[in-house]
Protein chains: 4
Amino acid sequence: MSRSTSAAGTDPGPGTPQDPGAAARRTGRPRSAAADRAILGATRAALVELGWSRLTLGDVAARAGVAKTTLYRRWPGKNELVVDALAELFDELELPADGGSLDADIAGVVLQFAALLERPEVRTALMAVVVEATHDDELRTRIRRAIVDRQKRLVLQGRARARRRGELAPDEDPAEAARQADLIFDVVAGTVVHRTLVSCEDVDPAWARSLAALVAAGLGAGPADRT
Amino acid sequence: MSRSTSAAGTDPGPGTPQDPGAAARRTGRPRSAAADRAILGATRAALVELGWSRLTLGDVAARAGVAKTTLYRRWPGKNELVVDALAELFDELELPADGGSLDADIAGVVLQFAALLERPEVRTALMAVVVEATHDDELRTRIRRAIVDRQKRLVLQGRARARRRGELAPDEDPAEAARQADLIFDVVAGTVVHRTLVSCEDVDPAWARSLAALVAAGLGAGPADRT
Amino acid sequence: MSRSTSAAGTDPGPGTPQDPGAAARRTGRPRSAAADRAILGATRAALVELGWSRLTLGDVAARAGVAKTTLYRRWPGKNELVVDALAELFDELELPADGGSLDADIAGVVLQFAALLERPEVRTALMAVVVEATHDDELRTRIRRAIVDRQKRLVLQGRARARRRGELAPDEDPAEAARQADLIFDVVAGTVVHRTLVSCEDVDPAWARSLAALVAAGLGAGPADRT
Amino acid sequence: MSRSTSAAGTDPGPGTPQDPGAAARRTGRPRSAAADRAILGATRAALVELGWSRLTLGDVAARAGVAKTTLYRRWPGKNELVVDALAELFDELELPADGGSLDADIAGVVLQFAALLERPEVRTALMAVVVEATHDDELRTRIRRAIVDRQKRLVLQGRARARRRGELAPDEDPAEAARQADLIFDVVAGTVVHRTLVSCEDVDPAWARSLAALVAAGLGAGPADRT
DNA sequence: CATTAATCGAGACGGTACGTCTAGTCTTCAG
DNA sequence: CTGAAGACTAGACGTACCGTCTCGATTAATG
């Protein structure tokens, strides 16, 4: 498990774990790590049962066996809490084993991302916090750091793998390459989200292959042996 | 203005204006059409200022100079009201003038859709109601009818135009064709939404052309027989 | 029942009952008189069971079968609510039937006042609101109007009766008379309160006669026939 | 300073200073006497600023520069803390110098007690703890020992002095004498409290003389044999 | 002098009540 | 019957204190 950002909450100040050697929080009773775990777990469970809009922090606290204050000490509100609760799931995203071709790799990423989006807690909450971030800059950067960047990494790794295989030409203009990677990311993630949330249809392997083919073709990736 | 669906709200039964000949509501004071307009306008204004989650119906009623009762007589709740307020904007979507090629047509649709999504009230509210619809079937149909189908029409019209131009082969398998149209729709709409809401970057013509090129290439639309 | 001040609450504005003929509250649903009664009754019941410091407005609302908002619409807080709840009891104070002598009349007043103070809701709450009024001018005037003046009236009536009987000389200096009435009032009320709350002993007729004798002697009241 | 009772607080068991010879607390760091003083002082200061109901122990601790733990180690709660904070002030009560007559002595006591009650911390807190004691027997005894008995002593001393002067007949029936002393105590203390808290008027020497005259007359203290 | 054990500051913890806000309904009067 | 006004029930909100607890760091008196 690689995340180290979240759960530091409202007032991480000096002394959060990723601040080693610093004059960490010396004094007072330390925060309970068990409470952190219980709260994030309870949040996901409540999302599954109630959905985003019926989720209340009082209920989360009760499920976690924790006082409301304990919750508010760590997160400023529902939005931030849910972002961190989701982030723990996105931690597990990894580039699937090499599928042998760009098509196959993309399809693998699509399926993995879709599997995440089909979890009811993600389905109900992911876009909800994105919507909230519309009017909240801090929340937006929190989402970017905790969730978006984690996904984007897969796109970059996949591109690198395809270049190694010779399916994609080496980057000539780095800015252009970044632009293209961003586009791919928006296409893959956006399409999966739209399919799942707006069109309300499941992502099956056939659909994933269609999308992957479309993207790969759009990238002008010839078959690997074309070199 | 072409819509005729909405604004019938809670109690559409007999008596909606477009229900001629029926034993329409005979008696009592008729509902004020001015109130309808004021409410939908106030809803959009409030969305711009407050965003989705801070929007309250009491506030909308106050802005519209209308009693809460009047509002609840027409719409069952915040979700439905906002869908109708957005729908008025989506009414204006039309397939842009023929750009001469599939690429150009797609880019035109992308830009038009992006222009809508960059309006703050749409940005904040569109996905919000979609999220709410996750647990609400009626709302989902309402959104589909008032918003989604209106967009999808553009995709179908664009495909038809491309086939007339000879860029796309005529449909062989109608089911396959529908599946492809759905994919295109998810790709275009999903990517634009993701770019706008998650990546938080504006859609400029260059980006629109990139996306259009990717989609067109993915469709296997060569410059076609035009070569 | 003579009171007409209370229960108008926070925002009596124009239109409270005692503002007849004025452009009274014309519009909107009128406040429920039943709720008023239920709340004040529930307040007294809760005081009896819980005492002042454990009394919570949420509990009062629940007992009254009323929402908390209904309660806060009428009273700004616990202090004011309790003052009005007590005031209804003090409404019933009246000068006892003529006892034939100043002594007897004073003893009657003492007993009547003591009977009120021995009710558990009064015992626990009366001085509590007085204490709160230490830092709250508005509360102080509310107490004065709703409770204190109602008691003081008895002193004035008793003095008048004694003068009619010839036990007390007619007032020569009105200012001096007022000062004396105030002193009597502080002595009678203060002593009974102190006996009841601080010394924690019941007021029996014998004690009442002792106090009455002391006060009457201090007033220099000869027996009535002394004229 | 004569008090030696308080400050033993929660855990007086073995080890309070006045528990000599016992197997007193032998080991460990002794409690800071400075903290005791700081806490009681901070309590009075906070009472002056905030009044009884807004006084919080967290605030007292902060003012005293002390942790909440330190405070709770010594006193079980707000009530007991405030009683001890007030008690330090009542320690200073003494029977004023002989005024030459019962009247004058009573007036002196009245003025002295009134001076105490006009201190804002006493005004707001004295009756507050009495009210709390309504439902708390332990607190009632604590108040009686720390405050009430200290005042009552003055009444007894004053009566003794008056008897020595010949203004009062020697006690015939001790029970009757006790009853009379209690009455006097309730009259003097109760009246002063009522004047100060309920009527909200200052006690000036003229008023004190009026009250003293009334009480002395009621006691049947003629100028006695002095005539 | 080292040990020992209670104290200290700091602050997290589970609770409870607060007073406010919003949702959606109901009740009154005016047109 | 509509519409404005506003009271109504219900319940979540985020905050404030309570009194307890867990830390690491001081201190005296004891050994």
Side-chain angles (χ1 to χ4, degrees), chain A residues 11 25-32 34-35 53-59 61-62 64-74 76-78, chain B residues 11 15 25-32 34-35 53-59 61-62 64-78, chain C residues 11 25-32 34-35 54-59 61-62 65-74 76-78, chain D residues 10-11 15 24-32 34-35 54-62 64-78:
Chain A
D11 177 17
R25 157 151 283 96
R26 234 181 328 283
T27 171
R29 177 175 173 176
R31 290 194 182 162
S32 156
S53 60
R54 276 186 294 254
L55 177 77
T56 69
L57 294 202
D59 185 69
V66 140
K68 265 198 301 176
T69 37
T70 299
L71 211 153
Y72 280 106
R73 226 188 305 277
R74 291 162 160 76
K78 180 168 157 173
Chain B
D11 176 19
R25 185 170 50 256
R26 261 178 316 280
T27 169
R29 175 173 169 179
R31 285 190 184 164
S32 153
S53 61
R54 278 187 292 261
L55 176 78
T56 71
L57 294 201
D59 187 67
V66 141
K68 269 200 301 172
T69 329
T70 304
L71 210 153
Y72 279 105
R73 239 191 291 273
R74 290 163 161 80
W75 290 276
K78 178 168 159 173
Chain C
D11 177 19
R25 157 150 283 98
R26 229 183 331 284
T27 174
R29 177 175 172 175
R31 290 196 182 159
S32 156
R54 276 186 294 256
L55 177 77
T56 71
L57 294 203
D59 185 71
V66 141
K68 265 198 300 175
T69 36
T70 299
L71 210 154
Y72 280 106
R73 205 173 286 121
R74 291 162 160 78
K78 181 167 155 172
Chain D
T10 312
D11 176 21
R25 185 171 49 256
R26 255 179 319 279
T27 172
R29 176 175 173 176
R31 288 191 184 162
S32 155
R54 278 187 294 261
L55 177 77
T56 71
L57 293 202
D59 186 69
V60 169
V66 141
K68 268 199 301 174
T69 330
T70 303
L71 211 153
Y72 279 105
R73 236 190 296 272
R74 291 162 160 79
W75 290 275
K78 179 168 158 173

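All chains are named by letter (A, B, ...) in the order of the sequence lines, taking the proteins before the strands, and each is independently numbered beginning at 1.
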Test your reading of the model: is there a side-chain donor-acceptor pair from C:K78 to the backbone of C:L55, 3.5 Å cut-off?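 Yes, C:K78 side chain to C:L55 backbone: donor-acceptor pair under 3.5 Å.
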Minimum heavy-atom distance D:A35-D:T70, with the two atoms named: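 Here D:A35 and D:T70 meet closest at CB-CG2, 4.3 Å.
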Which pair of non-hydrogen atoms, one from B:A61 and one from B:A67, has the smallest distance, and what is that distance?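 Nearest pair, atom of B:A61 first, then B:A67: CB-C, 4.1 Å.
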Check side-chain contact (heavy atoms from CB on, under 4.5 Å) between D:A64 and all other residues, then give those that pass, not counting sequence neighbours.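 Listed in chain order: D:A38, D:I39, D:A42, D:V66.
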I need the CG-C1' distance between B:L71 and E:dT25, as an integer number of Å.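 To the nearest whole Å, that distance equals 14 Å.
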Measure CZ/C:R74 against C1'/E:dG19 and give the value in whole Å, please.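 After rounding, the gap between these two atoms is 17 Å.
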With nearest nucleotides of DNA chain E determined for C:G77 and A:S32 from heavy-atom distances, which residue corresponds to the more 5′ nucleotide?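 The residue whose closest nucleotide sits nearer the 5' end is A:S32.
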What are the atom names and distances for every N/O pair under 3.5 Å that joins the protein to nucleotides 15-18 of chain E?
unit_1, atom_1, unit_2, atom_2, d
E:dC18, OP1, C:L57, N, 3.0
E:dC18, OP2, C:L57, N, 3.2
E:dC18, OP2, C:G58, N, 3.2

F:dA5 phosphate, OP1 or OP2, under 4.0 Å from C:R31 side-chain N/O: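 False: C:R31 side-chain N/O out of range (4.0 Å or more) of F:dA5 OP1/OP2.
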May I ask you to evaluate whether A:R73 reaches the phosphate of F:dA16, defined as a side-chain N or O under 4.0 Å from OP1 or OP2?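 A:R73 to F:dA16 OP1/OP2: no side-chain N or O under 4.0 Å.
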Is any side-chain heavy atom of D:W75 less than 4.5 Å from a side-chain heavy atom of D:L57?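 Side chain of D:W75 against side chain of D:L57, heavy atoms only: no contact under 4.5 Å found.
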Protein-nucleic acid N or O pairs under 3.5 Å, nucleotides 2-5 of chain E:
unit_1, atom_1, unit_2, atom_2, d
E:dA5, O4', D:T27, OG1, 3.4

To the nearest 0.5 Å, what is the distance between NZ on D:K68 and OG1 on D:T56?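 These two atoms lie 9.0 Å from each other.
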Look up atom CZ in C:R74 and atom OG1 in C:T69, then write down how far apart they are to the nearest 0.5 Å.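 One gets 10.0 Å once the value is rounded to the nearest 0.5 Å.
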